[in-house]
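Heads up: the structure comes next, in structure tokens.
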Amino acid sequence: MSRFPAVRPRRLRRTPALRRLVAETHLVPAQLVLPLFVKEGAAEPVPIGSMPGQVQHSRDSLRRAVSDAAAAGIGGVMLFGVPAERDATGSTACRPEGILNVALADAVAEAGDALVVMGDLCLDEFTDHGHCGVLDDRPGRTGEVDNDATLEHYRAMAVAQAEAGAHLLGLSGMMDGQTAAVRDALDAAGHDHVALLAYAAKYASAFYGPFREAVDSQLTGDRRAYQLDPANRREGLREAVLDVEEGADVVMVKPAGSYLDVLADVAATSEVPVWAYQVSGEYAMIEAAAAQGWLDRRRTVAESVLAIRRAGADAILTYWALELAGWLREEI
Ligand code: PBG
């Protein structure tokens, strides 16, 4: 036997040029989507304490953020509305003057075709109970989220967002049949050109914690009766398959970092693009540790997003999209 190792993988790791040439995964700004919050009636951006560096935008500051995102070459923005008033059915979600719909129109006017303008299609920001749908009052089901009644609201909300000019709608409510229902409503209203991103495998995750503050959520309790159980891998794949059958143009796995196995499963078989959402808690954890000096912020952020891409995401929703796009440009 030779004294020397026969195989030396280290050879290709020796210099930055070698490492760059053999890198299997690349990230570019066009693969990033920036989630943005817009607060009705806000005169100035309002900082979100649990998400340092992120804000609830005013309509003006939202326009600037969209313009910055376009200038940075980011693929798209995903808008979330924070309404001033809420009710049991989240009715302002479906009105043209509702905050999310006016913000979508603002974003489209600002960005034109420079990036993809997306709207979050879910009732939770708009309901006074904070659930993603309307509540049931039938005997034996009182207080549960009523799947099929909710679909009617999603249909109206989708048409309102399409009329505001949204290019793509993000279906994040986890109601059964929501993709088919929304597709049908859009097509019937002449919006067959508007694309659908199904949050296909959206887990009932503690990592959404900081998002509750970001949208002033009214929720008490949790969403385990409609979002996926974190214990289930096969079911994540099943949800993605169902959404594609229902007409989803893109499917998503959410959260990202703790669900890379599900992401890899979906990416291995999907016939449509697969995206992932690096959620508020993933953001907050790294920001908090970096603020303590316990993690190198830039390296950790870059690695966390690259890992999601490596696992199979074609694009990634991340609150670091703008900053990361800047770093990626420096590296070119
Ligand atoms: C629901 C929605 C949520 C998030 C995006 N859309 C909250 C939830 O399902 O509880 C979470 C995003 C994040 O945590 O960054 N409309």
Side-chain angles (χ1 to χ4, degrees), residues 32-38 48-56 76-83 86 90 92-94 98-100 103-104 118-134 145 150 153-154 157-158 161 166 168-175 178 182 196-230 236 239 251-259 275-288 301 304-305 308 313 316-321:
L32 302 175
V33 176
L34 177 64
L36 291 168
F37 304 100
V38 56
I48 302 166
S50 54
M51 300 177 71
Q54 302 298 312
V55 299
Q56 295 172 320
V77 290
M78 172 63 79
L79 304 193
F80 294 91
V82 186
R86 300 177 166 89
T92 63
C94 305
I99 181 62
L100 181 52
L104 285 166
M118 318 178 195
D120 180 58
L121 203 161
C122 189
L123 287 178
D124 66 313
E125 291 95 4
F126 300 92
T127 52
D128 54 14
H129 45 73
H131 274 295
C132 295
V134 295
V145 173
T150 299
H153 294 269
Y154 287 180
M157 188 174 182
Q161 293 191 358
L168 181 150
L169 311 186
L171 285 75
S172 66
M174 290 304 284
M175 297 302 125
Q178 64 184 13
V182 164
L196 296 183
L197 158 66
Y199 284 43
K202 180 175 178 180
Y203 286 84
S205 174
F207 289 104
Y208 306 146
F211 180 90
R212 301 274 150 85
E213 181 188 339
V215 299
D216 300 343
S217 172
Q218 307 298 304
L219 186 71
T220 51
D222 58 55
R223 308 192 197 286
R224 286 181 225 206
Y226 42 104
Q227 298 179 344
L228 282 165
D229 184 339
E239 284 278 10
V251 291
M252 186 147 80
V253 175
K254 176 186 177 184
S258 298
Y259 295 85
W275 297 0
Y277 196 144
Q278 186 180 46
V279 302
S280 58
E282 300 178 73
Y283 177 87
M285 284 195 302
I286 292 177
E287 288 293 342
V301 168
S304 70
V305 179
I308 296 166
I316 297 151
L317 280 76
T318 172
Y319 299 98
W320 287 299

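In what follows, every heavy atom counts, from backbone to side chain, and hydrogens, waters and symmetry copies are set aside. Note that the coordinates shown come from a computational prediction; the quantities given were computed from them, not determined experimentally. In each ligand, atom 1 is the first atom listed, and ligand 1 is the first ligand listed.
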Once you restrict to heavy atoms under 4.0 Å, what part of Val279 touches ligand 1? Side chain, backbone, both or neither.
both
Does Glu282 use its side chain to pair, donor to acceptor, with the backbone of Ser258 at less than 3.5 Å?
no
Determine whether any heavy atom of Arg212 lies closer than 4.0 Å to an atom of ligand 1.
yes
If I take atom CG from residue Leu79 and atom CD from residue Gln161, how far apart are they, to the nearest 0.5 angstrom?
9.0 Å
What protein heavy atom sits nearest atom 16 (N) of ligand 1, and how far off is it?
Asp124 OD1, 2.7 Å
Winner among Tyr319, Phe211, Tyr283 once heavy atoms are compared against atom 15 (O) of ligand 1:
Tyr319
Please list, in number order, the atoms of ligand 1 under 4.0 Å from a heavy atom of Ser172.
1 (C), 6 (N), 16 (N)
Using modelled atom types and a 3.5 Å cut-off, is there a donor and acceptor pairing between side-chain atoms of Gln278 and backbone atoms of Tyr319?
no
Could you establish whether Gln227 and ligand 1 come within less than 4.0 Å of each other, counting only heavy atoms on the residue side?
yes
Residue portion contacting ligand 1 (non-hydrogen atoms closer than 4.0 Å) for Asp120:
side chain
Indicate, as side chain, backbone, both or neither, the part of Ser280 found under 4.0 angstrom from ligand 1 when only non-hydrogen atoms are considered.
both
Heavy-atom nearest option to atom 9 (O) of ligand 1, drawn from Met78, Gln54, Met174, Lys202
Lys202
Cation-aromatic face contact Lys202/Tyr277, 6.0 Å, 45 degrees:
no
Residue, atom and distance of the protein heavy atom nearest atom 8 (C) of ligand 1 read Arg223 NE, 3.3 Å
Would you say Gln227 and Asp222 make side-chain contact, with heavy atoms under 4.5 Å?
no
Got a donor-acceptor contact below 3.5 angstrom from the Tyr154 side chain to the Gly133 backbone?
no
Please report the closest heavy-atom contact between Pro210 and Ala284, naming both atoms and the distance.
CG-CB, 3.8 Å
Just jot down the ligand 1 atoms closer than 4.0 angstrom to any heavy atom of Glu125, in number order.
16 (N)
Show, in sequence, the C-alpha distance, side-chain angles and deciding distance for Leu317 and Met252, and conclude whether the side chain to side chain contact (heavy atoms under 4.5 Å, CB included) test is met.
CA-CA 10 Å; Leu317 280 76; Met252 186 147 80; 3.7 Å; yes
What's the shortest distance from atom 4 (C) of ligand 1 to any protein heavy atom, and which residue and atom give it?
Lys254 NZ, 2.8 Å
